[in-house]
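Below: the structure, in structure tokens.
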2 protein chains.
Amino acid sequence: MVVARPRIKDVARHAGVSEKTVSNVINDYVHVSDRTRRAVREAIDHLGYRVNLAGRHLRTGRSGVIALVVPELDVPYFAELARHVIRAAEQCSLTVLVHQSGGDRGHELAALSGFGSDFVDGIILSPLALTSDDLRERAGAPPTVLLGELLEEGADHVAIDNEQAAREATEHLIALGRRNILVIGGRDAPGLGTAEARTRGYRAALSAAGIAYDAAALLPVAAFRMPDGADAVTRALRDGARPDALLCLNDQLALGALRALYEHGVRVPEDVAVMGFDDVEGGRYSVPTLSTVAPDKAAVATSAVHLLRHRIDEANRPPDGGDVTAAAPLSPQDRVVAHRLVLRESTEGARH
Amino acid sequence: MVVARPRIKDVARHAGVSEKTVSNVINDYVHVSDRTRRAVREAIDHLGYRVNLAGRHLRTGRSGVIALVVPELDVPYFAELARHVIRAAEQCSLTVLVHQSGGDRGHELAALSGFGSDFVDGIILSPLALTSDDLRERAGAPPTVLLGELLEEGADHVAIDNEQAAREATEHLIALGRRNILVIGGRDAPGLGTAEARTRGYRAALSAAGIAYDAAALLPVAAFRMPDGADAVTRALRDGARPDALLCLNDQLALGALRALYEHGVRVPEDVAVMGFDDVEGGRYSVPTLSTVAPDKAAVATSAVHLLRHRIDEANRPPDGGDVTAAAPLSPQDRVVAHRLVLRESTEGARH
DNA sequence: CAGGCGTTGTACATCGTTGTAAAAACATGG
DNA sequence: CCATGTTTTTACAACGATGTACAACGCCTG
């Protein structure tokens, strides 16, 4: 026969105290004598009690679950990021629910306001299709941290300095003597996304080096995945482009590009140097290995999680009894995380 | 000012009915007159009501959340699988919590019995380190579906026919005239894991072709990732092995192996043919592209989710009033999902 | 030793929903 | 018009935990 799981009342009875006292012990309330604390702990261990999260959730309004919303989990960058986020959340006693938006605005919106609001304590969102307007109207939504370029003033976000990173990457290519640099995934809109920021960095580097900028160097892509990178390169070559370098706005595009270049008999890096972004594992084992901009993914994840944790606690503090010492609600945070250039064969060639 | 979210009682008041009636409408209870049903629907829309999952969870004991437990999310196979599982779960109105076990038995055990039991309605577990004993003792755990080789009789599980798949892959290599086939990640234990099953298939193919089996052909790895594949190959070559084919027990090992072979100036497939397992996207763009065993991942995911959904509903049905028509509890299911060989450059060479 | 204060412990109500059981409303047939 | 059966609706009590408010206790001080 299956023994029913013990409840707080069973522990209370077993320890000879009230239910509330057990609750106090569980929640590390200060004013509990060592004697009773020990007794309760013992009862808990003895019965194998563990709190029922449904009850706690209903009572406290917090579930201990946060949502991570990414476009696609099978894009390695997001998978690696998710891994770090889950790890970091664990440290903060949070559990992570992973959602995929498919880069779809509807899904992202739903994530932002909808499904979560009574189930999830907070949201970490890596937006692809959202606009600033969407963000502005998120009333009643749980605390949210955005990953990637800042879309809207009032929101917390965590990212590397994409413009600067792209500039450094481009400067590296220029330093190699390359002048005709195509940008796979580049976008010259005034927009606020990551692609736009990286494109700005590219232009800044060109301009600083006195190289003319040609909008035709930006090759748009439907998605940031390998097939798109391969297609873009194939199309460009067929259209007569003769680049001596590619700045690919993520590693998936770059890996697809490497493949397409190989198929066209173009040597990397001799004929064309290739840079990516993200430093995914695949780029460390490709042929040739891929030079890339490596964001500190662990730092992105921990920053986002800690920031979110802070917001959650903040939102849950008693409605401020005018206590002057109480920390004022934190102003919107822009956390910039470190990145570095990782130079490998696709720009520097094999070591001898 | 923020308006508090409406509760069921607000809807009830607004529609002029009892709370229970609202609940009945929400849950599509049959005996509600069309008139009241409409009125309640209208009130719901008008107030923008949405059920509070905490309350429902506490009352019903079900959260609508299932856990997916994989060793590491940044192994592309698991990321791709997770994507499919999340999709499939969505179809069944289930939400997915992703856990990473790190291939650690402790974590897997915790997943199996611990954290979930009052929070998660069911578990999909891709075990790496669990033993049959661990599985047998999962009392009081929520319904569980295992992915991968069957570890224990009483458990539901979903997998491809790993032994057969490995046999086909090996036969393909043999048909190419290869005789000296190393198995990266091979394991000859009597064990029950996926690696063991694939190794059996390899041996069966050798034996059928009259090729002698040498246990030294099995190259153990610490993990099933690119570095391990590269290391294994490097070590083997240094030790004087001169294989003409590699059967890598997953694509990550294979991609690592490709890189190592390249570094040693070994041509693929001319000198050494390489096969992997899983058909991850990386293998479609590697140089050379990777021949592999492609499991129907979407089918694995949907089978697992549907099976789990079934178990959850089953576990929640009223304790059977002797109704003869009630479906008997399903016996443990072994679902075998289709796979196929995908032949690419790493065994067949480039097309001309 | 009364009075005051800070520490420990408890009774009770409550979070939002749904199952139970029974009442109310409605139909049907004699 | 009443007995009978079938819908439709409702009151009430849970589910398990914790916040509030207060009682009990010990200790110190005057």
Side-chain angles (χ1 to χ4, degrees), chain A residues 4-41 43-44 47-65 93 117-119 121 316-319 321, chain B residues 4-41 43-44 47-65 117-121 313 316-321:
Chain A
R5 262 188 72 166
R7 302 306 171 190
I8 223 176
K9 99 169 90 158
D10 303 314
V11 178
R13 191 169 22 230
H14 193 273
V17 298
S18 78
E19 302 181 19
K20 185 68 223 282
T21 299
V22 176
S23 170
N24 285 339
V25 170
I26 294 168
N27 295 291
D28 288 322
Y29 180 67
V30 200
H31 297 305
V32 178
S33 72
D34 282 353
R35 238 174 67 78
T36 36
R37 190 181 302 274
R38 249 196 309 279
V40 171
R41 287 255 163 76
I44 288 177
L47 300 175
Y49 169 80
R50 283 191 20 260
V51 314
N52 176 317
L53 296 168
R56 172 181 284 176
H57 183 188
L58 177 59
R59 183 64 241 226
T60 64
R62 277 176 308 139
S63 61
V65 176
S93 8
S117 50
D118 61 359
F119 185 88
D121 295 344
N316 223 76
R317 247 186 320 221
Chain B
R5 261 187 73 163
R7 302 307 169 188
I8 226 176
K9 101 169 86 155
D10 303 312
V11 177
R13 190 166 25 227
H14 192 273
V17 299
S18 78
E19 303 181 18
K20 187 67 224 283
T21 298
V22 176
S23 171
N24 284 339
V25 171
I26 294 169
N27 295 292
D28 287 320
Y29 181 66
V30 201
H31 297 304
V32 179
S33 72
D34 282 354
R35 238 175 68 76
T36 37
R37 191 184 300 275
R38 250 195 309 278
V40 170
R41 288 255 164 75
I44 288 177
L47 299 175
Y49 170 79
R50 285 196 15 263
V51 314
N52 177 317
L53 295 168
R56 172 181 284 178
H57 183 189
L58 177 58
R59 181 64 240 229
T60 65
R62 277 177 308 141
S63 61
V65 175
S117 49
D118 60 359
F119 185 86
V120 147
D121 295 344
D313 294 344
N316 224 74
R317 248 186 320 219
D320 195 46

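So that the names make sense, note that chain A is the first sequence line, chain B the second, and so on, each numbered from 1. Keep in mind the model is a prediction, meaning the values are calculated, not measured.
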With heavy atoms of chain A within less than 4.0 Å as the criterion, where does contact along DNA chain C begin and end?
C/dT7 to C/dG16
For the helix from C/dC1-D/dG30 to C/dG30-D/dC1, what angle lies between the axis at the first five pairs and the axis at the last five pairs, to 10 degrees?
50°
Measure the distance from CG on A/Asp10 to P on D/dG16 and round it to the nearest whole Å.
9 Å
Residue pairs passing the salt bridge (Lys or Arg N to Asp or Glu O under 4.0 Å) test where at least one lies in residues 15-38 of chain B, sequence neighbours excluded
B/Asp28-B/Arg41
Has the side chain of A/Arg5 got a donor or acceptor atom that lies under 3.5 Å from a matching backbone atom of A/Arg50?
yes
CG of B/Asn52 to CG of B/Leu58: how many Å apart, nearest 0.5 Å?
10.0 Å
Taking for each residue the nucleotide of DNA chain D with the nearest heavy atom, is it B/Leu58 or B/Gly16 whose nucleotide lies nearer the 5' end?
B/Gly16
Side chain to side chain contact (heavy atoms under 4.5 Å, CB included) partner of A/Val25, the single match among A/Val17, A/Val32, A/Thr36:
A/Val32
Under the side-chain hydrogen bond (donor to acceptor under 3.5 Å, both in side chains) rule, collect the residues that match up with A/Ser18, sequence neighbours excluded.
A/Thr21
Quick one: list whatever passes side-chain contact (heavy atoms from CB on, under 4.5 Å) with B/Ala43, sequence neighbours left out.
B/Val11, B/His14, B/Ala15
Which part of the nucleic acid does A/Thr21 contact within heavy-atom distance under 4.0 Å: base, sugar-phosphate only, or nothing?
base
B/Arg35 CZ to D/dT9 C1': how many Å, rounded?
13 Å
Protein-nucleotides 18-20 of chain D N/O pairs closer than 3.5 Å?
residue, atom, partner, partner atom, Å
D/dT18, OP1, A/Asn27, ND2, 3.2
D/dT18, OP1, A/Arg56, NE, 3.1
D/dT18, OP1, A/Arg56, NH2, 3.2
D/dT18, OP2, A/Ser23, OG, 2.8
D/dT18, O2, A/Arg59, NH1, 2.8
D/dG19, O4', A/Arg59, NH2, 3.4
D/dG19, N7, A/Lys20, NZ, 3.1

So A/Phe119 and B/Phe119, would you call those rings parallel, tilted or perpendicular, with 30° and 60° as cut-offs?
tilted
Which residues pass the side-chain hydrogen bond (donor to acceptor under 3.5 Å, both in side chains) test with A/Ser23, not counting sequence neighbours?
A/Asn27
Between B/Arg62 and B/Asp313, is any pair of side-chain heavy atoms under 4.5 Å apart?
yes
Please state how far atom CG in B/Asp34 lies from atom P in D/dT8, giving the value in whole angstrom units.
9 Å
Every protein N/O within reach of nucleotides 23-25 of chain D N/O, cut-off under 3.5 Å:
none

Residues passing the side-chain contact (heavy atoms from CB on, under 4.5 Å) test with B/Arg59, sequence neighbours excluded, are none
Note, B/Asn24 side chain near B/Val40 side chain (heavy atom, < 4.5 Å):
no
Could you state the CZ-C1' distance from A/Arg7 to D/dC15, rounded to the nearest angstrom?
9 Å
Could you give me the CA-CA distance, side-chain angles and deciding distance for A/Asp10 and A/Arg7, then say whether salt bridge (charged side-chain N to carboxylate O under 4.0 Å, His left out) is met?
CA-CA 5 Å; A/Asp10 303 314; A/Arg7 302 306 171 190; 5.8 Å; no
If you look at every heavy atom in B/Ser63 and B/Val120, which pair is closest and at what distance?
OG-CA, 4.0 Å
